[in-house]
Amino acid sequence: MRLRTLRVVGAALLVTAVAAACAENQDPGSEPGTPAETTTIDFGVGVDPAYSPIYLADQQNLFAEAGIDVTVTQYQEGTGGLDAILAREGQVTASTESSLLNRATRGDVKGVAVFSQSPDFIKLVVRDEIGEVADISRYGVVTGTVNEYATNKILDSYDISRDAVEFVTSSPAEMPALLQRGDIDGYIMWEPWPSRGVEGGGKILLTSGDVGYVYNLIIGVDGAWYEANQEAAATLVDTIGEACEQITADPQVAGTATENAIEVPAAEAVELLDGVQCQVRDFTDEDLQRYAEIAQFQQDSGIVSDPADPAEVMIRGVA
């Protein structure tokens, strides 16, 4: 098992990558930008239970047994792995469809498979005195992530204008403290941050499924790397599928893997993952239609200048 934990922000990572001359994804003798086969795969992930199949595959040496050399790198946010790909410092990552589409407008990032989905894992937590969505005036937002998209889904579902509320930008880990201090009224986030908010005195008001959103976690890759390493990429996807099969058969293994990786107690991790479907699958037409809606939201909200085209970003047939 090889695991690295990085606490860096995307901008700093991109600057570092430029200084490093983007060497890792290139053959020493190749022209800049030329894809090359790599023997070591850096797999960037976030720090929440949703990444349990990657944690499990790493800890049980499933990657090595499948014949691929993978180093799992943890970032404070799931977007860290995407930024590593853009910086040419990583080859593979796992993130929400919203984050992947956002980063795909900045560089050659592709999706190759869905490995997790749920209508319940992303939750809206609010201060205890908030009785209904209409009472929320300040939302905690992580710009460009599924959190911002889900926040917009709430506003649309309740016919509330974005101009009628205030958005307080911060990181996921800071949201529970902001809620407890009263700096924000609520935030819709992936676990464990809703549960942390509840521990600080908040309460769950709804889940993303209540406003029509079932999140997808997607295995993403450096597009140029994928073209040169399709067999390795397919093997990696199959290995995550094997880990998901183990988790489906025995959810406790996901809890143990999560506890070992990010020190969230196993029992808590299993509880947080209740209702999450861990299954590697190909993209469907319905997926692409929903992703197009997300991409259009990102343009309409000024997050990106031009929306990503899901039909171009998602590679079908790998899973």
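Side-chain atoms are counted along with the backbone in the values below, which use heavy atoms only and exclude waters and symmetry mates. In this chain, numbering begins with 1 at the start of the sequence shown. Quick caveat, the model's predicted, so the values are computed rather than measured.
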For [Y], is there an ion pair with [X] - N to carboxylate O distance below 4.0 angstrom?
{"X": "Glu97", "Y": "Arg103", "result": "no"}
{"X": "Arg88", "Y": "Asp222", "result": "yes"}
{"X": "Arg290", "Y": "Glu293", "result": "no"}
{"X": "Arg162", "Y": "Glu148", "result": "yes"}
{"X": "Arg316", "Y": "Asp285", "result": "yes"}

Going only through I, L, V, M, F, W and Y residues with side-chain contacts under 4.5 Å, is there a path from Tyr187 to Phe121?
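Yes, it is one cluster - the side chains of Tyr187 and Phe121 are joined through contacts under 4.5 Å.
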Leu288-Val304 co-clustered via ILVMFWY side chain contacts under 4.5 Å
yes
Spacing of [atom1] belonging to [X] relative to [atom2] belonging to [Y], to within rounding of 0.5 Å:
{"X": "Ile240", "Y": "Leu217", "atom1": "CD1", "atom2": "CG", "answer": "11.5 Å"}
{"X": "Gln279", "Y": "Gln117", "atom1": "CD", "atom2": "CD", "answer": "7.5 Å"}
{"X": "Glu77", "Y": "Ser99", "atom1": "CD", "atom2": "OG", "answer": "8.5 Å"}
{"X": "Asp108", "Y": "Trp225", "atom1": "CG", "atom2": "CH2", "answer": "12.5 Å"}
{"X": "Ile294", "Y": "Asn102", "atom1": "CD1", "atom2": "CG", "answer": "11.5 Å"}

Return yes if some donor-acceptor pair links the side-chain N/O of [X] with the main-chain N/O of [Y] below 3.5 Å, else return no.
{"X": "Thr256", "Y": "Gln252", "answer": "yes"}
{"X": "Thr284", "Y": "Asp287", "answer": "yes"}
{"X": "Asn216", "Y": "Val114", "answer": "no"}
{"X": "Lys203", "Y": "Asp128", "answer": "yes"}
{"X": "Thr248", "Y": "Glu245", "answer": "no"}
{"X": "Ser208", "Y": "Val214", "answer": "no"}
{"X": "Lys110", "Y": "Ala104", "answer": "no"}
{"X": "Asp282", "Y": "Gly317", "answer": "yes"}

CD of Glu263: more than 12 outside heavy atoms within 6.0 angstrom?
no
More than 12 heavy atoms of other residues, nucleotides or ligands under 6.0 Å from CD of Glu65: is that the case?
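Count over threshold, so yes.
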Hey, what's the ring geometry for Tyr213 with Tyr149, parallel, tilted or perpendicular (30° and 60° as the breaks)?
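Ring orientation, 0 to 90° scale: perpendicular.
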For Gln296 and Asp300, which I'm curious about, is there any donor-acceptor pair between the side chains at under 3.5 Å?
yes
Ignoring hydrogens and angles, state whether a donor on the side chain of Thr71 or Asp42 is under 3.5 Å from an acceptor on the partner side chain.
no
Side chain to side chain contact (heavy atoms under 4.5 Å, CB included) partner of Asp135, the single match among Val126, Asp185, Ile130:
Ile130
